[in-house]
Amino acid sequence: MKYIFTICMLLSLTSVKAQDYRSAIYQAYLLEEMDKWKELMEQMEEEYSRNSDAGLLYDLLEAEYGYMGWLVSGKQKKEVKELLEHAEKHMALLEEQGLDNARVYSLKGAFYGFQIMLDPLKAPSLGKASMNANEKAMSLDPEEPQVWLEKANMDYYRPAVFGGSKRRAVPSYEKAVELFESSLQRTTENWVYLNCLAGLGIAYENTRKNSEAGEVYRKLLKLEPSFKWVKEELYPDFREKHPGK
């Protein structure tokens, strides 16, 4: 009985610790504290080495995905390459543990996309691999919002010559937001949900749906008034270009 109680306590502590990490990553995202984000990933990896918790490993992979997106936006190729190596190892570990679900496959598709920055000449093959991973994710769970988010990102950021389309991305962003918002758990302190909303706002703005874009940016600031990216960049730039919207 004492043994069972100890195991239950350890599982409970692991769950609390994982939630603490998710909350901390969320706050780092809101405030653009990327040094803190990196520090948290290091702590999560150290924690995983002690308890081998698959849920924590997924959270780490998702954090790596977010941090990598920031590195890519800053064209930090060396850092992207190093982080990709870590992420690929963590992806393999999740698959070994049987967690090759829709969310994992959607992240796999995103990582293929990040690799294009490192080797543009492989864009056709990497783009195909990215699409295949997303299609696999969609077949596993068409109601998973992360899958629709990555489908939208692929359409939005892929060059038109390779089949990309900003207009085609919009319905996928809308579907992703709808699915996120169907679950309180998926919208509570979830940086991926806020990032999805921001992506929708950007897609609206760049497909001349300016009224809708303004509504999304204001919604984001209502949800999180301290959201630095929207508060100091996206919304002010939008208002300057589109007064009254």
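Using modelled atom types, no side-chain atom of N195 and backbone atom of W191 make a donor-acceptor pair closer than 3.5 Å. Looking only at distances, a side-chain donor or acceptor of T187 sits under 3.5 Å from a matching main-chain atom of L184. At least one donor-acceptor pair under 3.5 Å links the side chain of S139 to the backbone N or O of K136.
Put simply, the side chain of L194 reaches to within 4.5 Å of the side chain of Y29, judged on heavy atoms. Looking at heavy atoms from C-beta onward, I116 lies out of side-chain contact with K122 at the 4.5 angstrom threshold. Between R103 and E62, the closest side-chain pair of non-hydrogen atoms falls below 4.5 Å. Between S130 and M154, some side-chain heavy-atom pair lies under the 4.5 Å cut-off. You'll find the side chain of E33 stays beyond 4.5 Å of the side chain of Q27, heavy atoms only.
In terms of heavy-atom proximity, V230 sits nearest to P236 at O-CD, 3.3 Å. Closest of all the heavy-atom pairs between S226 and L31 is O-CD2, 3.9 Å. Scanning both residues, L200 and V177, for their nearest heavy atoms gives CD2-CG2, 4.0 Å. Minimum interatomic distance between A198 and L234 (heavy atoms only, all atoms of both residues): CB-CD1, 4.3 Å. Heavy-atom minimum distance, N51 versus D53: OD1-N, 2.9 Å. Residues Y48 and L56 share a closest heavy-atom pair of N-CD2, 3.7 Å.
At a cut-off of 3.5 Å, with distance as the only test, no side-chain donor of N132 or Y112 sits close to an acceptor on the other residue. A donor-acceptor contact closer than 3.5 angstrom links the side chains of E224 and Y26. Looking at E64 and H86, their side chains never bring a donor and an acceptor atom within 3.5 Å of each other.
Evaluated for a salt bridge (Lys or Arg N to Asp or Glu O under 4.0 Å) with D155, the options R168, K175, R167 yield exactly one hit, R168. A side-chain hydrogen bond (donor to acceptor under 3.5 Å, both in side chains) with Y204 holds for exactly one of E174, E212, E215, K166; it is E174. Under the side-chain contact (heavy atoms from CB on, under 4.5 Å) test applied with Y193, the options R186, E181, Q146 reduce to a single match, E181.
Residues satisfying the ring-ring contact (aromatic ring centres under 6.0 Å, His included) test with H242, not counting sequence neighbours, are F238.
The CG atom of D59 sits 9.0 Å away from atom CD1 of I25, with the distance rounded to the nearest 0.5 Å. The CG atom of L61 sits 10.0 Å away from the CG atom of L93 when rounded to the nearest 0.5 Å. To the nearest 0.5 Å, atoms CE (M91) and CG (L107) are separated by 5.5 Å. Atom CG of L197 sits about 5.0 Å away from atom NZ of K219, to the nearest 0.5 Å. Between N190 atom CG and S23 atom OG the span is 10.5 Å, to the nearest 0.5 Å. Here NZ of K241 is found 14.0 Å from CZ of R239. Values are rounded to the nearest 0.5 Å.
Under a hydrophobic clustering in which Ile, Leu, Val, Met, Phe, Trp and Tyr are joined whenever their side-chain heavy atoms come within less than 4.5 Å, directly or via other members, Y105 and M68 fall into different clusters. Follow the hydrophobic side-chain contacts under 4.5 Å out from M131 and you never reach M117; the two are in separate clusters. Residues W229 and V192 fall within the same hydrophobic cluster, defined by Ile, Leu, Val, Met, Phe, Trp and Tyr side chains chained together at heavy-atom separations under 4.5 Å.
In the displayed structure, R218 atom CZ is contacted under 6.0 Å by more than 12 heavy atoms of other residues, nucleotides or ligands.
Relative orientation of the W37 and Y67 rings is tilted, given thresholds of 30° and 60° on the angle between their planes. Classification of the Y65-F111 ring pair by plane angle, with boundaries at 30° and 60°, yields perpendicular. Under the 30°/60° scheme for interplanar angles, the aromatic rings of Y156 and Y173 are found to stand perpendicular.
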### Query
Can you list the steps and then say if Y235 with L221 is a side-chain contact (heavy atoms from CB on, under 4.5 Å)?
CA-CA 9 Å; Y235 192 46; L221 290 176; 3.7 Å; yes

### Message
Pair Q43, E47 - check side-chain hydrogen bond (donor to acceptor under 3.5 Å, both in side chains), show working.
### Response
CA-CA 6 Å; Q43 292 174 13; E47 182 76 19; over 6 Å; no

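By the 4.5 Å side-chain criterion applied to Ile, Leu, Val, Met, Phe, Trp and Tyr, M138 is assigned to a cluster that also includes V147, W148, L179.
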Which atom pairs, one a donor and one an acceptor, fall under 3.5 Å between side chains of residues 69-83 and the rest of the protein, sequence neighbours left out?
residue	atom	partner	partner atom	Å
S73	OG	W70	O	2.6

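Salt-bridge formation is not detected for the pair E45/K89: no Lys NZ or Arg NE/NH1/NH2 atom is positioned less than 4.0 Å from an Asp or Glu carboxylate oxygen.
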